[in-house]
S.K.: 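Could you have a look at this structure, given as structure tokens, before my questions?
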Number of protein chains: 2
Amino acid sequence: MVDRLRDTGLSTALPVLTTGRHRARAERSLMPQGRRGAPRAVTIADVAREAGVSRATVSRAINDSDLVTAETKRTVQEAITRTGFVMNARGRALATGRAETVGVLITEPLDELFDDPTYGRMLRGVAEGLLGSGFLPVIIQASSESERALALRSFGRRSVDAVIHLTPYRGSDLLGSLAGAGLPVVLCGQLVDSPYEGIFSTVYSDDVRGARLAAQRVATAGRHQVAAVLGPADNPATGDRLRGYEEVLGARLDPARVVHTRWDSAGGLTTTARLLVAHPGIDAILAGSDRIALGALAALQAAGRRVPEDVAVVGFDDHAIAASASPPLTTIAQPLVEEGRIAAQLALEMINGADPRTEVLDMRLVPRLSA
Amino acid sequence: MVDRLRDTGLSTALPVLTTGRHRARAERSLMPQGRRGAPRAVTIADVAREAGVSRATVSRAINDSDLVTAETKRTVQEAITRTGFVMNARGRALATGRAETVGVLITEPLDELFDDPTYGRMLRGVAEGLLGSGFLPVIIQASSESERALALRSFGRRSVDAVIHLTPYRGSDLLGSLAGAGLPVVLCGQLVDSPYEGIFSTVYSDDVRGARLAAQRVATAGRHQVAAVLGPADNPATGDRLRGYEEVLGARLDPARVVHTRWDSAGGLTTTARLLVAHPGIDAILAGSDRIALGALAALQAAGRRVPEDVAVVGFDDHAIAASASPPLTTIAQPLVEEGRIAAQLALEMINGADPRTEVLDMRLVPRLSA
DNA sequence: TTCCGGAATGTAACCGGTTTCATTCGGGAG
DNA sequence: CTCCCGAATGAAACCGGTTACATTCCGGAA
């Protein structure tokens with residue numbers, strides 16, 4: 001146990017020098033400044049002494065209580081600037097029972113989503129949303145089972161005041177544990193219907209409405225033989241998107257032209273190629289993701305179809321690759337930063353005692369050249 | 001030692017919820033009584049009572065001190081399980097002077113780097129690196145001046161035990177303030193030479209060596225009229241990369257064929273187009289970023305040059321767009337996750353009293369089809 | 001047997017704030 | 001001139017841990 005010097009203590013003091021705490025106390029009562037070298041942290045006691053009032057009054061003055069005269073507040077304020085006092089967050093947290101942090105729970109499955117900017121953007125939103133509040137976001141990554149247990153323990157400890165869960169899986173068992181943890185929880189990025197209504201706050205972008213936007217784009221362009229190259233069928237977003245397509249297109253989207261594949265561009269390529277053979281008349285493709293769309297573009301090019309003249313293509317996600325595809329990909333953007341920001345807001349609300357509520361955001365059509 | 005501490009809690013058990021209990025006085029021996037019916041957290045006092053020992057002994061048992069009998073430890077352990085005790089991080093933090101958090105400082109300029117996965121990956125690395133340690137990463141975003149002041153105050157408060165600064169700007173005034181904050185600081189992603197040697201730990205990927213890899217790729221392919229389309233001249237990475245190119249290529253890289261432009265693909269396109277007019281004989285282009293490279297590809301295609309037959313192109317960064325460019329872009333990858341992981345490691349080292357040190361990582365050539 | 005020393009545990013003083021409750025003080029009502 | 005009341009402040013008890021110092025209890029040496 002090579003536990004080095006504590007940051008606040010008399011850092012350079014050897015055991016020999018510290019003959020009992022009386023010495024330390026005597027020293028402390030003399031000057032707010034520590035000894036040579038590492039200065040001791042300034043506490044409200046120092047400020048109180050400097051201002052000639054009690055610790056309680058200093059605390060009240062700092063928290064702007066109306067029990068304190070404006071006069072006294074000024075005196076305290078001056079003492080604070082003179083001593084260079086900075087509040088110790090730990091002491092405050094202990095006394096108030098608040099940690100002044102919000103946990104951001106990420107249970108990324110570590111798969112190929114690796115360089116997906118999704119989490120980064122959401123995180124940025126959360127950070128922004130928390131900015132003025134005094135609460136700080138702490139990242140809690142829980143990919144494996146053991147990490148998950150660790151995270152839950154951390155919540156049990158109340159080391160965070162609320163949890164924002166980024167893109168939870170529907171029906172995850174984690175949700176049950178979270179519900180039992182007894183602290184505010186916000187689900188961000190996915191609608192989790194199920195039995196958690198009224199327990200969690202939720203913010204998500206409406207995949208159905210986003211899909212409608214995509215469908216409307218090709219519908220108003222007069223396309224009649226539309227195909228959908230979706231992601232895996234077991235993914236909840238896939239179902240929502242398909243529903244949106246169907247609502248708008250009706251008969252124009254023949255179920256025979258609805259296929260599923262992996263999220264990546266290789267999946268998009270082979271599946272689209274096969275689809276083109278089976279249904280040569282296709283004049284529009286709604287892709288389940290931008291990467292699938294990219295594969296579709298390649299398949300179309302290989303098949304000699306021009307985009308968008310012969311076939312329109314709409315992606316999903318507004319991935320970084322969409323803007324630089326050729327032709328640049330028309331796609332549907334999810335307001336990730338906004339989601340994060342609102343998640344933060346919901347978390348703060350719940351910390352202050354508000355009831356959970358759900359916020360639904362609109363996706364946005366990003367028109368480029370492919371449709 | 002930290003590991004041992006973590007093992008003391010309940011693995012996956014949630015804190016006992018004592019909601020809805022009526023106030024019976026007798027139960028007090030086992031369950032702590034909350035005021036006003038709200039369930040009170042279980043503290044070591046409760047465990048001590050349950051185990052029939054003092055709070056001090058419980059604390060020592062939890063921390064696996066060798067002052068406690070194995071027998072007693074077992075008793076305490078049982079009491080912990082029975083009561084469902086979970087350590088309160090705040091009390092511990094106050095007593096030990098540690099917050100058990102590491103601040104991750106991001107001073108992103110909010111510009112077009114917006115959907116850059118860089119920060120996300122680094123963050124993931126940091127989170128991974130901190131995972132077993134019991135320390136949690138807290139995000140501290142400081143884009144504006146006021147946010148910056150806020151962040152510094154937060155550091156002054158010692159609400160974090162160390163700071164990891166992601167991709168700091170060289171010569172930023174923030175660095176000075178950080179140096180004065182008197183807590184461990186790790187700079188991650190950029191080499192900041194200057195006067196901070198021996199004060200900060202640093203981890204970065206060597207741009208010069210990465211550039212050498214790119215240059216070697218085209219050199220061994222027998223290219224003799226190499227051009228460099230770099231990013232803005234005032235960017236420190238630009239200088240490093242150019243240096244690496246020059247070291248390897250010497251006369252093959254005529255200074256007349258070295259140009260600067262913006263980081264984006266539009267910049268790459270126009271600049272490359274102009275370059276091709278002035279120097280038609282160019283047979284290789286080293287781009288300062290993948291997006292610049294993408295623009296270069298477009299310019300080459302417009303000029304009727306084949307890639308890689310006529311002109312080889314090497315990018316930089318291994319951005320998401322690189323793999324899906326046509327042809328797929330050969331590029332240089334920076335080990336972002338690894339950087340984050342090592343930054344976390346360095347931070348932990350310094351928290352435990354180690355001296356600052358610098359770790360240099362190697363970039364990696366990602367061979368694809370463009371060169 | 002007595003004394004000494006070390007091991008195991010208990011006691012209480014911290015850490016740095018907040019908050020309850022008591023106390024002081026000034027002033028208007030009686 | 002008292003008395004009472006509310007406003008401003010101080011004293012002290014927390015919050016939930018850690019740890020220096022005191023105490024107890026034990027076996028072995030003198």
Side-chain angles (χ1 to χ4, degrees), chain A residues 1 3 6-10 13 15-25 28 32 40-49 51-73 75-76 80 83 85-100 157-159, chain B residues 5 8-9 32 34-35 40-49 51-73 75-76 80 83 85-100 156-159:
Chain A
M1 184 66 110
D3 202 23
R6 301 157 44 155
D7 58 4
T8 66
L10 311 154
V16 190
L17 289 180
T18 326
T19 53
R21 78 191 72 222
H22 304 298
R23 180 193 167 94
R25 185 169 4 188
R28 187 171 307 139
R40 214 199 67 237
V42 180
T43 75
I44 53 166
D46 301 316
V47 177
R49 199 178 315 118
V53 297
S54 71
R55 295 196 300 146
T57 300
V58 173
S59 173
R60 284 190 277 253
I62 288 175
N63 294 324
D64 202 25
S65 157
D66 34 334
L67 284 175
V68 181
T69 327
E71 167 73 21
T72 309
K73 278 181 189 167
T75 312
V76 170
I80 287 178
T83 55
F85 169 77
V86 240
M87 172 91 71
N88 178 312
R90 298 192 274 272
R92 177 168 229 271
L94 181 57
T96 60
R98 277 188 174 179
E100 305 202 323
R157 281 181 175 185
R158 294 288 189 285
S159 56
Chain B
L5 190 148
T8 60
R35 57 179 92 134
R40 214 200 64 221
V42 182
T43 75
I44 53 166
D46 302 313
V47 177
R49 199 179 314 120
V53 297
S54 70
R55 296 195 299 147
T57 301
V58 173
S59 173
R60 284 191 276 253
I62 288 174
N63 293 322
D64 203 26
S65 157
D66 32 328
L67 284 175
V68 181
T69 327
E71 167 72 19
T72 308
K73 277 181 191 165
T75 312
V76 170
I80 286 178
T83 54
F85 169 76
V86 219
M87 172 91 71
N88 178 311
R90 298 191 272 273
R92 174 164 227 272
L94 181 57
T96 60
R98 277 187 174 181
E100 303 201 327
R157 281 181 176 186
R158 294 291 189 281
S159 56

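All chains are named by letter (A, B, ...) in the order of the sequence lines, taking the proteins before the strands, and each is independently numbered beginning at 1.
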S.K.: Roughly how many Å is it from CD1 in A:I44 to C1' in D:dA12, rounded to a whole number?
M.R.: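 Atom-to-atom, A:I44 to D:dA12, this comes out as 13 Å.
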
S.K.: Test side chain to side chain contact (heavy atoms under 4.5 Å, CB included) on A:N63 and A:R92 and set out the steps.
M.R.: CA-CA 11 Å; A:N63 294 324; A:R92 177 168 229 271; 3.0 Å; yes

S.K.: Report the C-alpha separation of B:T75 and B:V53 in whole Å, then their side-chain angles, then the decisive distance to 0.1 Å, and conclude whether the side chain to side chain contact (heavy atoms under 4.5 Å, CB included) test is met.
M.R.: CA-CA 9 Å; B:T75 312; B:V53 297; 5.8 Å; no

S.K.: Whole-Å distance between D:dA7 P and A:E71 CD?
M.R.: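 Those two atoms, CD and P, are 19 Å apart.
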
S.K.: For C:dG17 and A:S59 - does any side-chain N or O of the residue sit under 4.0 Å from the phosphate oxygens OP1/OP2?
M.R.: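 Indeed not, no polar side-chain atom of A:S59 lies that close.
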
S.K.: Please report the distance, rounded to the nearest Å, between CG in B:L94 and P in C:dC14.
M.R.: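 These atoms are roughly 14 Å apart.
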
S.K.: Report the end-to-end axis angle of the helix from C:dT1-D:dA30 to C:dG30-D:dC1; each axis comes from five terminal pairs, and the value is rounded to 10°.
M.R.: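 Both end axes considered, the difference amounts to 70°.
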
S.K.: Nearest whole angstrom, please: distance from the P of D:dT18 to the CZ of B:R92.
M.R.: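 For the pair B:R92 CZ and D:dT18 P, the rounded distance is 5 Å.
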
S.K.: Using a cut-off of less than 4.0 Å, is there contact between a side-chain N or O of B:R90 and OP1 or OP2 of D:dC15?
M.R.: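 Negative; the distance criterion is not met.
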
S.K.: Please check if the side chain of A:S54 supplies one atom and the backbone of A:T57 the other of a donor-acceptor pair under 3.5 Å.
M.R.: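 Here the side-chain-to-backbone pair exists.
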
S.K.: Would you find a donor on one side and an acceptor on the other, under 3.5 Å apart, between the side chain of B:S65 and the backbone of B:L67?
M.R.: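 Side chain of B:S65 to backbone of B:L67: a pair is present.
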
S.K.: Using a 3.5 Å distance criterion without hydrogens, assess whether the side chain of A:R90 forms a donor-acceptor pair with backbone atoms of B:G97.
M.R.: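 Judged by distance alone, yes, a pair lies under 3.5 Å.
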
S.K.: Side chains of A:I80 and A:I62: does their closest heavy-atom pair fall under 4.5 Å?
M.R.: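 Of all side-chain heavy-atom pairs linking A:I62 with A:I80, at least one is under 4.5 Å.
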
S.K.: Output the rounded distance in Å from CG (A:N63) to P (C:dG16).
M.R.: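 In whole Å, C:dG16 P and A:N63 CG are 17 Å from each other.
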
S.K.: Assign a letter to each nucleotide of nucleotides 4-10 of chain C from its 5' end: B, base within under 4.0 Å of a protein heavy atom; S, sugar-phosphate only; -, no contact.
M.R.: ----SBB

S.K.: Which distance, rounded to the nearest 0.5 Å, do you find between the CE of B:M87 and the OG1 of B:T43?
M.R.: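 B:M87 CE to B:T43 OG1: 11.5 Å, rounded to 0.5 Å.
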
S.K.: Tell me the interatomic distance from B:R49, atom CZ, to D:dG16, atom P, rounded to whole angstroms.
M.R.: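 Distance check: B:R49 CZ to D:dG16 P gives 12 Å.
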
S.K.: Given C:dC15, is OP1 or OP2 found less than 4.0 Å from the side-chain N or O atoms of A:N88?
M.R.: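 Looking at the OP1 and OP2 atoms of C:dC15, neither is under 4.0 Å from any side-chain N or O of A:N88.
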
S.K.: Provide, to the nearest angstrom, the distance between the CE atom belonging to A:M87 and the C1' atom belonging to C:dG17.
M.R.: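 It works out to 7 Å between those atoms.
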
S.K.: Nearest whole Å is fine: how far is D:dT19 C1' from B:R98 CZ?
M.R.: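 So the two atoms are 16 Å apart, to the nearest Å.
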
S.K.: Measure from the side chain of A:T96, starting at C-beta and using heavy atoms only, and say which of D:dT18, C:dT18, D:dG16 lies closest.
M.R.: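 Comparing D:dT18, C:dT18, D:dG16 against the side chain of A:T96, the answer is C:dT18.
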
S.K.: Hey, are the side chains of B:F85 and B:V58 touching, using non-hydrogen atoms and a 4.5 Å cut-off?
M.R.: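 In short, these two side chains do not touch, never coming nearer than 4.5 Å.
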
S.K.: Can you tell me if B:K73 uses its side chain to pair, donor with acceptor, with the backbone of B:R60 under 3.5 Å?
M.R.: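 It does not hold such a pair.
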
